[in-house]
Amino acid sequence: MKRHWKIIVGAVFLIGGFGCITSDIGAAILGVVVGTALIVWWYLSLKKSSVQNSSTEKKDSGPVVSSSHSITNKTAQSPIKPSASQLPPSVHQPVTQTTPSSVKTKEVYDVVIPEKKDGAPLAYRYSVPFVPSDMDAVLTAAKAERWYLSAKQVGSDIRLFLEEADLGILTERADMVSDWLRRDEPFLVILERVNSEAGCTVMLVFYRDKLKYYANREQTVTALTAFKAESKQDVLSCLEETDELELEENWDKEDSVAVVYMGDTIGNLPKKYAQRYISDGAALVLLDHIEEDDEFIKKPYVRIYW
């Protein structure tokens with residue numbers, strides 16, 4: 001009751017003030033002003049008391065996390081534990097010594113894969129697992145950022161080495177590596193991920209001189225059709241001789257095959273070669289050369305390896 005006397009008295013003054021408006025305007029103004037001041041005083045006192053009570057409750061209940069923020073960090077979701085330095089000496093936890101092979105790690109490398117090796121363009125690349133024979137050696141290689149490995153045929157296995165250290169056995173694409181080794185074609189083995197629990201992977205990057213590889217196949221050099229559109233001329237201005245192209249059959253038009261570079265069409269095969277491609281396929285298509293007329297229109301010629 002003591003807490004609310006201000007609002008009661010203030011209400012009386014307000015009522016009295018409004019009642020005197022017609023008879024005594026001075027008394028009316030005084031009553032309204034005093035009544036309003038008392039009510040505002042009561043409200044501010046009540047708000048101050050509420051803030052003090054809220055502060056006391058927070059101190060008693062410990063740290064509070066606002067419900068308007070979602071917590072995704074695993075540490076934030078766990079109960080807060082004091083650090084070892086905050087615990088009394090009698091409850092300090094012993095420090096566990098870990099060996100390199102027991103540490104779960106994921107190494108990230110920043111290696112630029114070259115587009116050519118020994119003059120041969122990049123042909124294929126695969127991310128494949130391998131089985132470590134010496135996990136400590138693999139971890140050591142990764143932490144030293146020694147990403148490039150070598151591969152050797154040992155019996156029926158393809159084994160991966162860092163200099164003389166045997167790191168493990170390749171479990172996928174081993175036949176492909178064996179084939180590249182047999183033909184002495186260039187390739188790279190790059191240590192990609194090292195994780196003592198989830199496994200290890202390497203990036204295999206294969207290079208192939210396709211001109212040399214397909215040299216004994218039947219070849220046809222032909223000019224393309226439908227190459228004059230501005231969008232096609234723009235793409236042709238960016239091409240160089242021997243750039244590899246792709247063929248895409250046009251299912252909406254009979255005997256129509258588009259010649260494509262990185263998703264952009266540069267022209268179409270003549271009808272007779274389109275029919276042969278649809279029937280038999282092709283091993284490789286390269287840009288042979290480009291001729292330019294008096295109006296600077298570029299006319300592309302392609303070489304097809306059948």
Side-chain angles (χ1 to χ4, degrees), residues 72-75 77-78 84 93-217 242-244 246 262 283-284 305:
T72 56
N73 190 293
K74 293 183 179 179
T75 304
Q77 293 175 342
S78 304
Q93 300 298 316
V95 177
T96 303
Q97 298 293 331
T98 58
T99 61
S101 61
S102 68
V103 178
K104 182 179 179 181
T105 68
K106 184 176 182 181
E107 301 293 339
V108 179
Y109 67 89
D110 184 15
V111 175
V112 177
I113 298 175
E115 289 298 318
K116 289 187 177 182
K117 180 172 172 55
D118 301 339
L122 191 155
Y124 317 99
R125 64 180 183 181
Y126 308 97
S127 179
V128 299
F130 74 96
V131 178
S133 56
D134 186 346
M135 192 64 203
D136 287 347
V138 175
L139 284 168
T140 299
K143 290 177 180 178
E145 298 186 357
R146 303 188 65 182
W147 310 117
Y148 291 98
L149 310 180
S150 61
K152 298 179 183 179
Q153 183 96 39
V154 180
S156 59
D157 296 328
I158 296 295
R159 305 195 69 90
L160 305 180
F161 291 84
L162 178 61
E163 296 180 349
E164 299 302 318
D166 185 343
L167 300 188
I169 300 175
L170 195 64
T171 57
E172 293 182 17
R173 302 286 175 180
D175 291 343
M176 197 169 181
V177 173
S178 180
D179 188 40
W180 251 251
L181 286 169
R182 179 176 54 82
R183 292 184 305 195
D184 196 26
E185 291 190 285
F187 67 97
L188 294 173
V189 182
I190 304 172
L191 190 58
E192 183 181 36
R193 185 188 68 185
V194 177
N195 190 307
S196 57
E197 294 182 13
C200 303
T201 63
V202 291
M203 176 71 73
L204 299 178
V205 187
F206 297 93
Y207 297 84
R208 171 168 282 172
D209 187 344
K210 294 184 179 181
L211 294 178
K212 179 181 177 181
Y213 186 78
Y214 294 118
N216 296 327
R217 284 182 173 266
T242 73
D243 278 345
E244 187 173 350
E246 297 178 354
M262 297 184 68
L284 180 67
Y305 293 77

Discussion item. Among residues at least two apart in sequence or on other chains, which ones pass side chain to side chain donor-acceptor pair (under 3.5 Å) with T242?
Written reply: none
Worksheet item: CE of M176 to CG of L181: how many Å apart, nearest 0.5 Å?
Response: 12.0 Å
Worksheet item: Do the side chains of S127 and R193 get nearer than 4.5 Å, heavy atoms only?
Response: no
Response to the item:
Residues V177 and A151: closest non-hydrogen pair is CG1-CB, 4.0 Å
Item to complete: Give the intermediate values and the outcome of side chain to side chain contact (heavy atoms under 4.5 Å, CB included) for residues V128 and T201.
Response: CA-CA 5 Å; V128 299; T201 63; over 6 Å; no
Worksheet item: Any side-chain heavy atom of V205 sitting closer than 4.5 Å to one from K117?
Response: no
Practice prompt. Using salt bridge (charged side-chain N to carboxylate O under 4.0 Å, His left out) as the criterion, list what pairs up with K212, not counting sequence neighbours.
Written response: none
Worksheet item: Does W180 use its side chain to pair, donor to acceptor, with the backbone of Y207 at less than 3.5 Å?
Response: yes
Worksheet item: If every non-hydrogen atom of A142 is compared with every non-hydrogen atom of V194, which pair is closest and at what distance?
Response: CB-CG2, 3.7 Å
Worksheet item: Hey, are the side chains of L211 and Y305 touching, using non-hydrogen atoms and a 4.5 Å cut-off?
Response: yes
Practice prompt. State the CZ-CG distance between F187 and D118, to the nearest 0.5 angstrom.
Written response: 11.5 Å
Item to complete: Flag the pair L162 / L191 as yes when at least one side-chain heavy-atom distance between them is below 4.5 Å, and no otherwise.
Response: no
Discussion item. For the CG atom of D134 and the OG1 atom of T140, what is their distance to the nearest 0.5 Å?
Written reply: 8.0 Å
Worksheet, complete the sentence: Rounded to the nearest 0.5 Å, the CZ atom of F130 sits from the CG atom of L167 at a distance of 6.0 Å
Practice prompt. Using side chain to side chain donor-acceptor pair (under 3.5 Å) as the criterion, list what pairs up with R183, not counting sequence neighbours.
Written response: D179, E185
Item to complete: Sequence neighbours left out, what passes side chain to side chain donor-acceptor pair (under 3.5 Å) with Q153? Give chain and number order.
Response: S178
Worksheet, complete the sentence: In short, P132 meets V138 closest at the heavy-atom pair CB-CG2, 4.1 Å
Item to complete: Assess whether side chain to side chain contact (heavy atoms under 4.5 Å, CB included) is satisfied between M203 and I113, documenting all intermediate values.
Response: CA-CA 10 Å; M203 176 71 73; I113 298 175; 4.3 Å; yes
Fill in: Contacts of type side chain to side chain donor-acceptor pair (under 3.5 Å), residue E172, not counting sequence neighbours
none
Worksheet item: What pairs of residues pass the side chain to side chain donor-acceptor pair (under 3.5 Å) test when at least one of them lies in residues 156-165, not counting sequence neighbours?
Response: R146-E163, R159-D166
Practice prompt. To the nearest 0.5 Å, tell me how far R182 CZ sits from D175 CG.
Written response: 11.0 Å
Fill in: Within-4.5 Å side-chain heavy-atom neighbours: Y148 and I190
yes
